[in-house]
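Single-structure report; data block below.
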Amino acid sequence: MKKILMAIAALMMAATSFAQTSSGSFSFDQSRLYYGARLGLSAAGITDLDTKAGLTLAGVIGLRVSDTTPVFLESGLYFTQRGGKGDVKVGGATAKYDVSLNYLEIPVLIKYGIPVTDGVSVMPLIGPYFSWAIGGKTKETVSAGGAEVVTKHSSFNDGYYKHPDMGIKVGCGAEYNNLYLELAYKFGIANIANADNVTAHGHAFTVNFGVNF
């Protein structure tokens, strides 16, 4: 977590310097096409499990789709760390799970630009996302009768989770010059459980910071 926070701080310093030296290179009032970089944190969970912290890295591209209305279509490629952790009681035993799921994700977002001041705008957003898990581990600690057994295995073994996921992302971004801050919530609509008669959905609250240019 310390390394993640240091990386975010470094990006904030670099982005601030970039904005000061290239003021006004992107404006939702003027630009039709923009690119961006994102770095952030997520608090992600899975059905029946509590949330855990993860990292988000992304490159995005946006296009204004109307000459008269500041409506944008934005997509990109995200690397997101999701998963969950928590206790599950099975008979007389208690199992503690720590699940990590690492995804490549492509969102398709509709954004609407609203000017607040001459230099600040907000951009509500909504749209689907499509994800594919490229890795993940599950740590399982089972306690019973005073004994404790710890196992580690792939999160995609039979009886655990599937690789594909999809859902809806809603939130709002704020832009000042080239700097961009976004708060969003993602809720999965696909069943990611790889077991019969079991349903599990992912969800995450995300905070992303970056630059548009």
Side-chain angles (χ1 to χ4, degrees), residues 7-44 54-82 103-134 164-190 192 201-213:
I8 292 176
L11 178 64
M12 291 176 66
M13 294 175 63
T16 301
S17 175
F18 178 79
Q20 290 173 346
T21 58
S22 59
S23 176
S25 65
F26 169 75
S27 168
F28 82 84
D29 285 330
Q30 301 171 10
S31 301
R32 292 199 59 83
L33 183 69
Y34 66 89
Y35 303 89
R38 306 284 186 262
L39 174 63
L41 293 173
S42 65
L55 175 69
T56 298
L57 295 169
V60 304
I61 182 171
L63 174 68
R64 182 167 178 163
V65 296
S66 171
D67 291 329
T68 58
T69 306
V71 176
F72 293 83
L73 186 65
E74 182 180 288
S75 188
L77 182 62
Y78 284 67
F79 169 77
T80 66
Q81 294 178 324
R82 306 209 303 261
Y103 287 95
L104 290 179
E105 181 177 294
I106 297 176
V108 181
L109 305 174
I110 297 175
K111 307 178 76 171
Y112 186 87
I114 303 171
V116 178
T117 68
D118 289 340
V120 177
S121 62
V122 296
M123 304 181 78
L125 60 94
I126 187 171
Y129 64 86
F130 307 91
S131 303
W132 182 268
I134 58 173
D165 188 21
M166 65 176 295
I168 302 296
K169 179 177 179 179
V170 294
C172 188
E175 186 201 32
Y176 171 70
N177 208 348
N178 297 91
L179 304 181
Y180 182 79
L181 177 67
E182 179 184 282
L183 304 178
Y185 182 75
K186 299 188 292 187
F187 55 94
I189 59 177
I192 62 173
H201 300 278
H203 57 87
F205 175 78
T206 63
V207 180
N208 291 325
F209 180 81
V211 292
N212 288 331
F213 48 90

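All values reported here derive from a predicted model rather than from experimental measurement.
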Which residue pairs satisfy the salt bridge (charged side-chain N to carboxylate O under 4.0 Å, His left out) criterion with at least one member in residues 103-114, sequence neighbours excluded?
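Residue pairs with at least one partner in residues 103-114: Glu74-Lys111, Arg82-Glu105, Glu105-Lys186.
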[X] vs [Y] side-chain heavy atoms within contact, under 4.5 Å:
X      : Y      : result
Tyr78  : Tyr129 : no
Leu39  : Thr56  : no
Phe187 : His201 : no
Val60  : Tyr180 : no

What is the distance from atom [atom1] of [X] to atom [atom2] of [Y], rounded to the nearest 0.5 Å?
X      : Y      : atom1 : atom2 : value
Arg38  : Asn212 : CZ    : CG    : 4.5 Å
Leu77  : Ile61  : CG    : CD1   : 12.5 Å
Asn178 : Phe213 : CG    : CZ    : 9.0 Å
Leu41  : Gln81  : CG    : CD    : 9.5 Å
Leu109 : Glu182 : CG    : CD    : 7.0 Å
Ile110 : Leu125 : CD1   : CG    : 10.5 Å

What heavy-atom pair brings [X] and [Y] nearest, and what distance separates the two atoms?
X      : Y      : result
Tyr34  : Phe72  : CE2-CD2, 3.6 Å
Val122 : Cys172 : CB-SG, 4.2 Å
Gly76  : Pro107 : O-CD, 3.6 Å
Lys169 : Ala184 : CE-CB, 3.6 Å
Ala133 : Tyr103 : N-CD2, 3.4 Å
Ala190 : Asp165 : CB-OD1, 3.8 Å

For Thr69, give me all partners under side-chain contact (heavy atoms from CB on, under 4.5 Å), at least two apart in sequence or on another chain.
Ser66, Val71, Tyr112
What residues form a side-chain contact (heavy atoms from CB on, under 4.5 Å) with Leu63, not counting sequence neighbours?
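Checked Leu63 against side-chain contact (heavy atoms from CB on, under 4.5 Å); matches are Leu33.
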Does Tyr176 form a side chain to side chain contact (heavy atoms under 4.5 Å, CB included) with Leu181? I'd like the steps, not just the answer.
CA-CA 9 Å; Tyr176 171 70; Leu181 177 67; over 6 Å; no
Under the side-chain contact (heavy atoms from CB on, under 4.5 Å) test against Pro128, which residue among Ile189, Ile168, Ile106 passes?
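The single option meeting the side-chain contact (heavy atoms from CB on, under 4.5 Å) with Pro128 is Ile168.
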Please indicate whether Tyr35 has more than 12 foreign heavy atoms, meaning atoms of other residues, nucleotides or ligands, lying under 6.0 Å from its OH.
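It does not: Tyr35 OH has 12 such atoms or fewer within range.
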